Amino acid sequence: MLDLHKIRADFPILTQQVNGKPLVYFDNGATAQKPQVVLDAITKYYSEINANIHRGVHTLSQLATDAYEVSRGKIQRHLNAKHAHEIIFTSGTTHGINAVANGFASLLRAGDEILVSAMEHHSNIVPWQMLCERTGAVLKVIPMNEKGELILSEYEVLVSEKTKIVTVNHISNALGTINPVEYIIQKAHEVGAAVLIDGAQATPHLKPDVQAMDCDFYVFSGHKVCGPTGTGILYGKEAWLNKLPPYQGGGEMIATVSFEKTTYADLPHKFEAGTPHIAGGIVLGTAIDYLNEIGFDAIAAYEHELLEYATQKLLQIEGLRIYGTAAQKTSVISFNIGTIHPYDIGTIVDKLGIAVRTGHHCAQPVMDFFGIPGTVRASFAFYNTKEEIDTFVEALHKAVMMLS
Ligand SMILES: *Cc1c(COP(=O)(O)O)cnc(C)c1O
């Protein structure tokens, strides 16, 4: 059981009034709020140990470097990666996917195939399309059904000797579907394909075990797990990270540089060119610690309760249709009410202090599949409450009255 009272007190932003009403923050799928320990850790870094890392012999530089590497170790343990050097700090999920896609340019030939799923975020579609343009590889799509579940029998037909990489999200940001990643990975490995899992939407809700999953790459964003924006992680199996060329050139990622030839640094530095978001990387470790102290089992159980409660309340609203009704689902509800435009609903509930996302959620192909321009999306975190859901449902009733 979560101590909701204590948890909510950890998040200063939640006590705010927005448009004269208590804030109800249901846009956690876009970014999560930050607990006081994270805010304090940012201030502490800049006020006590700010220095550039991996360079100086001076004390502050060593303290900053140590703190950065301690955080890398925390994330290694959190993901159950085999080695700390398999953990690459990035600026976010988008950066991680682009780094891998860029690396694959040297490994692909015309006619090779890349498999994505029908429910990917744009950041797990566009880098692969760019890669196809560069290499002549072909993008294939694993289809989904009306519930928003991947059709595995179709996947089994699509995955073949031609497949070089399969890239799917662990949890869909638009529909909330939890994908059977273990099975997808196993089938891909049978044909020798690599697998990247986009964990941006999963990491706020569960603790991934990259070795048990056996994925080759796993990426996520710090800002969705209560950490700072501009931070993220690319996990890659050592052998794969050694095989891929670096993404960016610059300082930190080299062993030696001359005008004739440059040699690259060992992992993880090979993929960490330039001065990183040092404070962010350190504080991402603080955020992960915070979530682990609450416990992911407790978080998942409570969020599931919120999902069930909200689903049942929302379905009582006449004309409301939920998009994404997979059997395995996290606390994301995408919906429309009759023919009312999602933007109009978002605007009215915002006046009542409620933050939801409206639009295509960076997943236009998902909206095209359902033949809609967008949805209203309410995404819950462990600090949300059933009372907030009641406030939201009341606000939706008002919106319907005003708009129809
Ligand atoms: C948010 C999100 C992304 C993109 O993350 P950024 O932090 O914008 O790089 C990618 N995939 C999924 C599933 C997401 O939810």
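In this text, all values refer to a predicted model and were calculated from it rather than measured experimentally. In listed order, ligands and their atoms are each counted from 1.
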### Message
So for Asp198, does at least one of its heavy atoms come nearer than 4.0 angstrom to any atom of ligand 1?
### Response
yes
### Query
With side chains defined as the heavy atoms from C-beta onward, is the minimum distance between Ile278 and Asn50 less than 4.5 Å?
no
### Task
Sequence neighbours left out, what passes salt bridge (charged side-chain N to carboxylate O under 4.0 Å, His left out) with Glu149? Give chain and number order.
none
## Note on the structure
So the atoms of ligand 1 within less than 4.0 Å of a heavy atom of Asn173 turn out to be 15 (O)
### Task
Any atoms of ligand 1 less than 4.0 Å from a non-hydrogen atom of Ser221? List them with their elements.
5 (O), 6 (P), 7 (O), 9 (O)
### Query
Would you say ligand 1 has an N or O under 3.5 Å from any N or O of His95?
no
### Message
Using heavy-atom distances only, which candidate in Gln201, His361, Lys224 approaches atom 2 (C) of ligand 1 most closely?
### Response
Lys224
### Ligand-side contact atoms (ligand 1) for residue partner Thr94, heavy atom cut-off under 4.0 Å
4 (C), 6 (P), 8 (O), 9 (O)
### Query
Would you say His223 and ligand 1 have an N/O pair spaced under 3.5 Å apart?
yes
### Task
Take the angle between the ring planes of His85 and His83 and call it parallel below 30°, perpendicular above 60°, tilted in between.
parallel
### Query
Any Lys/Arg nitrogen of Arg357 or Asp27 sitting under 4.0 Å from an Asp/Glu carboxylate oxygen of the other?
no
## Note on the structure
closest protein heavy atom to atom 10 (C) of ligand 1 is Ser123 OG, 3.1 Å
### Message
Salt bridge or not between Arg321 and Glu146? Use side-chain N to carboxylate O under 4.0 Å.
### Response
yes
### Message
According to salt bridge (charged side-chain N to carboxylate O under 4.0 Å, His left out), who are the partners of Arg77, at least two apart in sequence or on a separate chain?
### Response
none
